[in-house]
Amino acid sequence: MTNVEIARIFSEIADILEIKEENPFKVRAYRKVTQLLESLPQEIEEIYKKGELYKLPGVGQSIAEKITEIIETGRLKYHQKLKEGVPPGLLEMLRIPDMGPKTVALVYKKLGISTLKELEKAAREKKLRNVYGLGPKTEENILKGMKLVKERKERIPLHEALVLAEDIVKKLQEAGIVERIAYCGSVRRRRETIGDVDILATSPHPARVMDIFTSLPRVEEVLAKGSTKSSILVGEGRQVDLRVVEQESFGAALHYFTGSKAHNIRIRELGVRKGLKINEYGVFVKKGEKEERIGGREEEDIFQSVGLPYIPPELREDWGEVEAAQRGELPRLVRMEEIKGDLHIHTMWSDGANTVREVAIAAREKGYEYIGISDHSQSLKVAGGVSKDSFFQRIREIRAVDEEMPEIKVLAGTEVDILPDGTLDYPDEFLRELDVVIASVHSNFKQEEESMTKRIMKAMENPFVDIIGHPTGRLLGEREAYRINMEKLLHHAAKTGTAMEINAYPDRMDLKDTHVRMAKDMGVKLVIGTDAHHLLQLEWIKYGVWVARRGWLESKDVLNTLDFPDFFTRLKKRS
DNA sequence: GCCGTTTTCGGCCCGACTGTTTTCAGTCG
């Protein structure tokens, strides 16, 4: 049973308890463990085997016993018993916006409605308004919400959300009446997928900002419009929230709207213990009857008030960053400017759009010290893989460009296919001629976990393979990762000295953040590469750096932050 | 249900907007 599957059980327990109007703090305890499981950087089963469940924050005796029961028996009696008491349709109703546990329980008790169909029918026939507390507007919103649930993509990849967020920020800036403005939420935390986009601004004319925001050309519907907060729907049911606050509150609001929710709760709890109240308007201390603001203009004020150093947004997931900050052990996260080279670049020799020379010039302008030209290998016909016949010709061209440009080291590389049996798509006599070898899986994605894991482990054993490219093969929103045992893979990477790639291609972001953190903890070498197929895509390195930062990496964990000679020495296994 | 340099019991983050009310509960983030 995976973490996510176990999380779903606890989430359902929380939903049911809420509908049954159980103790809200009990509900919160189950929600908390759900979040914990969804973002845990390792399998809960491993922690269970070590007998360390009780060490997890938010896991006490009762929940530890429940996790144990699920792992040992594959089910949870408590959960099944709860489910018997509640029609499954009620849980589905909770997914409709504006339908919370109270409303669900209300229509169930008063009208006996227990399925989505019955709910839709009652709303259409205007029967909901007969219930005290519900009205015509509620009927309308429920019908709208049901439509939305059907149409809406759950989450969109970071790069799509980033384009949206940056565009709206720009439009509001162009209106000329905002002072400070920033996007917040999971976009700012650089999560790989995004639900809603959150934007924060200060302005002397909040009402006018709201008018402009709610009448932007891309607005499909205005969900809410107030004096300080508005929400709109744009394409594909994507929601964008805007908050406007006073300048003196900007930092507090930025922290609050950046989240994560779990992180915010931790910080506010620390505040409570110090006798402080922290909200989106600032940090306040009680002075007799009055409250006095002691900070909030800058985000740093919030952390300072609870005695912590600044925690970068990418770490704010309650994955242990608060504890690390308290111990003074926050990582010094790797920064974009520290990247010295990009090893994963395609050219016209395979399916790239530019020549080796064009790529080298672009990389030199970017200030890189070295790049690796890593075209596809012979079997990958769809991507114009380099045949054995042109293999050496390509190397000669790369060497020539390298000679021509003393400011940048241009390495002859390849992205060689790992064939289904784990052998490589070029013989060793060919690979030994190259400076850098990335090995990747591009075929037979549907192998069983064991054979896929062995396949990649075998590739790692080849002495010429330096890096495993996009190690899980996922395409965000398109293709699932192939089935592999990541823990085994990382162990083998550490053992063989093979580096794992953080592929920065925005649809990949592969390894992902939790795997990166696992890799770091296991002493695996990591390399960030763009997989660029066009020189403009060299800019995508930032997505890889963000993943690295979310995986707690420092520059010393990332090989391509090193100067060339050091980088090259560390990369090669046998040196 | 969890948790403890104020506590093993009594707390548990905080506020905006909407809809249905006539002062507020529910939902959301």
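First the proteins, then the strands, lettered A, B, ... as listed; each starts at 1.
Proximity of A:Lys229 to the phosphate of B:dA16: no side-chain N or O atom is located under 4.0 Å from OP1 or OP2. The phosphate of B:dT20 has OP1 or OP2 within less than 4.0 Å of a side-chain N or O from A:Thr138. For A:Ser231, no side-chain nitrogen or oxygen approaches OP1 or OP2 of B:dC28 to under 4.0 Å. Within the structure, a side-chain polar atom (N or O) of A:Lys277 is placed less than 4.0 Å from OP1 or OP2 of B:dG15. For B:dG1, the OP1/OP2 oxygens have a side-chain nitrogen or oxygen of A:Lys66 closer than 4.0 Å. For the OP1/OP2 pair of B:dC12 and a distance below 4.0 Å, the side-chain nitrogens and oxygens of A:Arg268 include no atom meeting the criterion. OP1 or OP2 of B:dA16 lies within a sub-4.0 Å distance of a side-chain N or O belonging to A:Tyr281. At the phosphate of B:dC14, neither OP1 nor OP2 sits under 4.0 Å from any side-chain N or O atom of A:Asn264.
Checking B:dC14, B:dC17, B:dG1 against the side-chain heavy atoms of A:Phe25 singles out B:dG1 as nearest. Comparing B:dG29, B:dG19, B:dC12 by their closest approach to the side chain of A:Asn23 singles out B:dC12. For A:Glu269, the listed nucleotide lying nearest its side chain is B:dC13; candidates were B:dC13, B:dA16, B:dG29. In this structure, the nucleotide among B:dC13, B:dC17, B:dG1 sitting nearest to the side chain of A:Ala29 is B:dG1. Distances were taken from every side-chain heavy atom of A:Asp98 (C-beta onward) to each of B:dT27, B:dA16, B:dG29; the shortest belongs to B:dT27. Here the side chain of A:Lys102 is nearest to one of B:dC12, B:dC17, B:dG26, namely B:dG26. Considering only the side chain of A:Lys137, B:dT20 comes nearest among B:dC12, B:dG29, B:dT20. Of the candidates B:dC12, B:dT27, B:dC14, the closest approach to any side-chain atom of A:Asn279 belongs to B:dC14. With B:dG1, B:dT20, B:dG15 as the choices, the nucleotide that has an atom nearest any side-chain atom of A:Ser62 turns out to be B:dG1.
The same atom, C1', is picked in B:dT8 and in B:dC2; the two are 12 Å apart, to the nearest Å. Spacing between B:dT18 and B:dT22 at atom C1', rounded to whole Å, works out to 16 Å. B:dC14 sits 30 Å from B:dT20 when the P atoms are compared, rounded to a whole Å. Across the P atoms, B:dC3 and B:dC13 are found 13 Å apart, a figure rounded to whole Å. B:dT6 and B:dG11 are spaced 12 Å apart, taking the C1' atom of each and rounding to whole Å. B:dT7 and B:dC12 are spaced 16 Å apart, taking the P atom of each and rounding to whole Å.
In summary, the side chains of A:Glu69 and A:Tyr78 do not present any donor paired with an acceptor at a separation below 3.5 Å, with no hydrogens or angles considered. A donor and an acceptor atom, one from each side chain of A:Arg191 and A:Ser186, are nowhere located under 3.5 Å apart. Inspection of the A:Glu84 and A:Gln80 side chains reveals no N or O donor paired with an N or O acceptor under 3.5 Å. Using modelled atom types, one finds a donor on one side chain and an acceptor on the other under 3.5 Å when comparing A:Thr202 with A:Glu179.
Heavy-atom contacts from other residues, nucleotides or ligands closer than 6.0 Å to CD of A:Glu246 number 12 or fewer.
In this structure, A:Arg316 satisfies the cation-pi test against A:Tyr310, with its NZ or CZ atom closer than 6.0 Å to the six-membered ring centre and inside 45 degrees of the ring normal.
Each of A:Lys144, A:Arg129, A:Lys121, A:Arg124 was evaluated against A:Glu139; a single residue qualifies, A:Arg129, per the salt bridge (charged side-chain N to carboxylate O under 4.0 Å, His left out) test.
Between the P atom of B:dG19 and the CG atom of A:Leu106 lies a distance of 17 Å, rounded to the nearest Å. In this structure, CG of A:Leu223 is placed 17 Å from C1' of B:dG26, rounded to the nearest angstrom. In this structure, CG of A:Asn141 is placed 8 Å from C1' of B:dT18, rounded to the nearest angstrom. Here B:dC14 presents its C1' atom at 13 Å from CD1 of A:Ile302, a figure rounded to the nearest Å. Nucleotide B:dT27 holds its P atom 10 Å from the CD1 atom of A:Ile142, rounded to whole Å. Atom-to-atom, CG of A:Leu200 to C1' of B:dA16 comes out at 14 Å; the value is rounded to the nearest Å. For the pair A:Ile9 CD1 and B:dG1 C1', the computed distance is 17 Å after rounding to whole Å. Rounded to whole Å, atom P of B:dG1 lies 8 Å from atom CG of A:Leu17.
The base of B:dG29 sits with one of its N or O atoms less than 3.5 Å from a complementary donor or acceptor on the side chain of A:Tyr256.
Using a 4.0 Å heavy-atom cutoff across all strands shown, A:Ile278 reaches sugar-phosphate atoms only and no base atom. The residue A:Tyr30 sits close only to the backbone: its heavy atoms come under 4.0 Å of sugar-phosphate atoms, none of a base. Residue A:Lys261 is classed as a base contact, given a heavy-atom separation below 4.0 Å to a base. Contacts of A:Arg243 with the nucleic acid, taken as non-hydrogen atoms under 4.0 Å apart, involve only primed sugar atoms and P, OP1 or OP2. Using a 4.0 Å heavy-atom cutoff across all strands shown, A:Pro24 reaches no nucleic acid atom at all. Residue contacts for A:Lys32: at a heavy-atom cut-off of 4.0 Å it reaches no nucleic acid atom on any strand shown. Residue-level contact check: A:Val27 touches neither bases nor backbone, having no heavy atom under 4.0 Å from any strand.
When each of A:Lys225 and A:Gln239 is assigned the nucleotide of DNA chain B bearing its nearest heavy atom, the one mapping closer to the 5' terminus is A:Lys225. With the nearest nucleotide of DNA chain B identified for both A:Leu94 and A:Leu276, A:Leu276 has the one nearer the 5' end.
Nucleotide B:dT8 is matched to nothing when pairs are restricted to Watson-Crick or G-U wobble geometry with both distances under 3.5 angstrom.
Here the two rings, on A:His255 and A:Phe303, have centers that are under 6.0 Å apart.
In this structure, B:dT7 shows a glycosidic angle within 90 degrees of zero, which is the syn conformation.
The pair A:Glu317-A:Arg266 does not count as a salt bridge, with every side-chain nitrogen at least 4.0 angstrom from each carboxylate oxygen.
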